[in-house]
Amino acid sequence: MEQIKKLIKKFCTKELILYAIFGVLTTIVNFVCFYILTEFIHIEENLSNAFSIVASILFAYFTNRKLVFNSTATTAKEKLTEFGKFILGRAFSMIVELVGFFLMFNIASINEFVSKALISIIVIILNFFISKFFAFKK
């Protein structure tokens, strides 16, 4: 029991909890955009997915920068470098998401919302490590 408490204490940090909260909100932004684009505007699913990813990436940057990872970047150069790293990391995870969604939806014929949910779990975990150890590295 003591080991479980130690593990919980080690992994349930303020940073991880805030990342989870804003990760859920980012995912909501992604899904709501996707839903609106596919169901109401009738944009093709893969294109809707790309647009919704871009919207969620911008939301994630602004929330993660100060609220989760407490960025200390102050100069324009530091902020631009940090933003560039964040976008580079998210571009990588966007490719993972686009390819994963395409494979599940178009190749495996899994429902578009199930495909989106499954690949989102992988991307959320990947993005935490990219943000913590690359984009907002102290």
Side-chain angles (χ1 to χ4, degrees):
M1 190 62 157
E2 194 62 36
Q3 289 178 334
I4 293 172
K5 286 181 183 178
K6 285 181 183 178
L7 280 174
I8 290 171
K9 196 172 199 176
K10 182 178 181 178
F11 290 107
C12 288
T13 63
K14 179 183 175 188
E15 183 179 76
L16 189 58
I17 292 167
L18 287 172
Y19 183 80
I21 291 167
F22 288 108
V24 168
L25 293 173
T26 300
T27 301
I28 290 170
V29 168
N30 192 324
F31 274 71
V32 168
C33 287
F34 181 75
Y35 182 76
I36 290 169
L37 292 171
T38 57
E39 299 300 317
F40 294 108
I41 302 176
H42 304 291
I43 297 176
E44 192 272 331
E45 288 86 352
N46 289 293
L47 189 56
S48 293
N49 191 42
F51 285 135
S52 65
I53 292 168
V54 170
S56 66
I57 286 172
L58 292 173
F59 176 82
Y61 173 74
F62 290 107
T63 58
N64 285 326
R65 181 178 186 281
K66 276 294 187 189
L67 301 172
V68 177
F69 296 105
N70 300 312
S71 171
T72 57
T74 54
T75 67
K77 183 180 178 185
E78 288 173 332
K79 290 177 182 178
L80 191 58
T81 299
E82 188 178 78
F83 182 72
K85 286 178 164 183
F86 185 84
I87 294 301
L88 186 62
R90 292 299 169 114
F92 172 73
S93 66
M94 180 179 171
I95 291 167
V96 170
E97 186 167 352
L98 289 169
V99 170
F101 179 82
F102 176 81
L103 292 173
M104 284 189 268
F105 178 67
N106 295 99
I107 305 300
S109 298
I110 298 171
N111 173 278
E112 68 262 30
F113 291 103
V114 173
S115 296
K116 186 108 175 109
L118 293 173
I119 196 64
S120 291
I121 292 166
I122 295 166
V123 169
I124 288 168
I125 295 167
L126 179 62
N127 283 337
F128 175 79
F129 290 104
I130 289 171
S131 292
K132 181 167 179 67
F133 298 110
F134 180 64
F136 300 111
K137 184 178 178 184
K138 304 228 186 310

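Scope of the values below: all heavy atoms of this structure, side chains included, with no hydrogens, waters or symmetry mates.
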Listing, residues 116-123 side-chain donor-acceptor contacts under 3.5 Å, not counting sequence neighbours, or none:
residue: Lys116; atom: NZ; partner: Asn30; partner atom: OD1; Å: 2.6
residue: Lys116; atom: NZ; partner: Asn49; partner atom: OD1; Å: 2.4
residue: Lys116; atom: NZ; partner: Glu97; partner atom: OE2; Å: 2.9
residue: Ser120; atom: OG; partner: Lys116; partner atom: O; Å: 2.6

Answer yes if [X] and [Y] sit in the same cluster of Ile, Leu, Val, Met, Phe, Trp and Tyr residues linked by side chain heavy atoms under 4.5 Å apart, and no otherwise.
X     : Y      : answer
Phe31 : Ile125 : no
Leu98 : Ile95  : no
Phe83 : Ile53  : yes

Walk me through it: do Val68 and Phe136 pass the test side chain to side chain contact (heavy atoms under 4.5 Å, CB included)? CA-CA 10 Å; Val68 177; Phe136 300 111; over 6 Å; no
Could you grab the distance from atom [atom1] of [X] to atom [atom2] of [Y], nearest 0.5 Å is fine?
X      : Y     : atom1 : atom2 : answer
Leu25  : Ile28 : CG    : CD1   : 5.5 Å
Lys85  : Leu80 : NZ    : CG    : 12.0 Å
Thr38  : Phe51 : OG1   : CZ    : 13.0 Å
Phe101 : Ser52 : CZ    : OG    : 8.5 Å
Asn127 : Ser93 : CG    : OG    : 3.5 Å

Measure the shortest side-chain to side-chain distance between [X] and [Y] over non-hydrogen atoms and say whether it is less than 4.5 angstrom.
X     : Y      : value
Val96 : Leu126 : yes
Leu88 : Phe92  : no
Met94 : Val54  : yes
Ile41 : Ile36  : yes
Phe34 : Glu112 : yes

For [X] and [Y], which I'm curious about, is there any donor-acceptor pair between the side chains at under 3.5 Å?
X     : Y      : answer
Glu82 : Ser71  : yes
Glu78 : Thr74  : yes
Asn64 : Ser131 : no

Between Phe40 and Tyr35, is the gap from one ring center to the other below 6.0 Å?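 Centroid distance Phe40-Tyr35: below 6.0 Å, so yes.
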Are the aromatic ring centres of Phe134 and Phe129 under 6.0 angstrom apart?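 When the ring centroids of Phe134 and Phe129 are compared, they turn out to be at least 6.0 Å apart.
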Which residue pairs pass the side-chain hydrogen bond (donor to acceptor under 3.5 Å, both in side chains) test with at least one member in residues 17-29, sequence neighbours excluded?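 Listed once each, the pairs would be none.
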Show me, pair by pair, the donor-acceptor contacts under 3.5 angstrom made by side chains of residues 103-111, not counting sequence neighbours?
residue: Asn106; atom: OD1; partner: Asn46; partner atom: ND2; Å: 3.3
residue: Asn111; atom: OD1; partner: Phe113; partner atom: N; Å: 2.7
residue: Asn111; atom: OD1; partner: Val114; partner atom: N; Å: 3.2

Within the distance-only criterion (no hydrogens, no angle test), does the side chain of Arg90 pair as donor or acceptor with the backbone N or O of Ile130 below 3.5 angstrom?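 Checked: no pair found.
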Phe128 and Glu15: which non-hydrogen atoms are nearest, and at how many Å?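 Taking every non-hydrogen atom into account, CZ-OE1, 4.2 Å.
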